[in-house]
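Order of the sequence lines fixes the chain letters, A, B, ..., with proteins taken first and strands second; residue numbering starts at 1 for each chain.
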Number of protein chains: 2
Amino acid sequence: MKLSKTEEELMSHLWKLEKAFMKDLLEEYPEPKPATTTVATLLKRMTDKGFVGYELFGKSRRYFPLVEKTAYFSKHVNGLIKNFFNDSSSQFASFFTKETDLSKKELEELRSIIDQQIKKK
Amino acid sequence: MKLSKTEEELMSHLWKLEKAFMKDLLEEYPEPKPATTTVATLLKRMTDKGFVGYELFGKSRRYFPLVEKTAYFSKHVNGLIKNFFNDSSSQFASFFTKETDLSKKELEELRSIIDQQIKKK
DNA sequence: TTTATTATTCTACAAATGTAGAGGTAAAAT
DNA sequence: ATTTTACCTCTACATTTGTAGAATAATAAA
């Protein structure tokens, strides 16, 4: 089972906040914000799909993610990336670093991460 | 306008082949292959959406992509990545290099790409 | 306590998606 | 010339998605 585009967007807010009431989630949206009922519907669907859980606080709910961002990403987005880059991660990685405009500092940071990984091999 | 998941999959075959008849595209699918009419429907929808063009060869068509893979990727997939990584490309990049299992050679290749980019800054 | 706020479920509905049969035609194989 | 193959359009239909109003209940503010 997977999330739709809009559900993913909502999920990203939830991952960011970690725990949140509807109100908090609504606030995360830029104008024009969706109707509360829209978000409520989304939350219900996501709960049904097993991606979101909640604890009751009185009568209302504090929602939280039931799947980790990185797990979700690996499972769903990596597949997409593979599709695009004929299964070559490095092909993708080099594309990505070329396309996105990383600052010098970010690039250096990234290089040091790569160096560490090279050491491990 | 964007492509749906299955349309994206078909598109990835088209990007790979560059030019292809229906038959060639069908062959790209693993078993169990979809019905020809399914692929035909998809191709029609994608043509209507402006992602695919074709030249007539007698009565049948040789299809080709009307958008470049990298352009499509930047426009549609980067948004998703941003969603996940709170807009930090480097955060994503480091996640990605950690998660995907790149070989030593690939990592070194990637490092040299990054080095080149650092030089440009 | 009357009112305003907030959250939730139900219901609704158009558009998009996934999937493919039916029917027709042109081209290729026999 | 007849059969087979490939391909295209139309039609169909169940699901999923995007979006939100109506109704309801609980809570907080006045």
What is the 5' to 3' range of DNA chain D, first to last nucleotide, that sits under 4.0 Å from any heavy atom of chain A?
-> D:dT17 to D:dA26

Flag yes if more than 12 heavy atoms outside B:K33 fall under 6.0 Å of its NZ atom; otherwise flag no.
-> yes

So, does A:W15 use its side chain to make a donor-acceptor pair with the main chain of A:L10 at under 3.5 Å?
-> no

Interatomic distance where CZ belongs to A:R62 and P belongs to C:dT6 [whole Å] = 19 Å

Counting distance only, does the side-chain N/O of A:T47 pair as donor-acceptor with the main-chain N or O of A:L43 below 3.5 Å?
-> yes

Check side-chain hydrogen bond (donor to acceptor under 3.5 Å, both in side chains) between A:E28 and all other residues, then give those that pass, not counting sequence neighbours.
-> A:K16

Indicate, with a heavy-atom threshold strictly under 4.0 Å, whether A:Y63 touches base, sugar-phosphate, or nothing.
-> sugar-phosphate

A:L43 CG to C:dC10 P, straight-line distance once rounded to whole Å = 15 Å

Summary of protein contacts for nucleotides 14-30 of chain C, nucleotide by nucleotide, where a base hit scores B, a sugar-phosphate-only hit scores S (4.0 Å, heavy atoms) = ---SBBBBB---S----

In whole angstroms, the gap separating P of C:dT8 from OH of A:Y54 amounts to 9 Å

Contacts of B:T37 meeting side-chain contact (heavy atoms from CB on, under 4.5 Å) (sequence neighbours excluded), chain-then-number -> B:A35

Could you tell me the separation between the NZ atom of A:K44 and the C1' atom of C:dA7, rounded to a whole number of Å?
-> 13 Å

Listed by chain and number, what are the salt bridge (charged side-chain N to carboxylate O under 4.0 Å, His left out) partners of A:K49, not counting sequence neighbours?
-> A:E7

Provide, to the nearest angstrom, the distance between the NZ atom belonging to A:K23 and the C1' atom belonging to C:dA7.
-> 11 Å

Sequence-distant partners of A:Y29, ring pair (Phe, Tyr, Trp, His ring centres under 6.0 Å), two or more places apart | A:H13

Pair B:E55, B:Y63: side-chain N/O donor-acceptor within cut-off below 3.5 Å = no

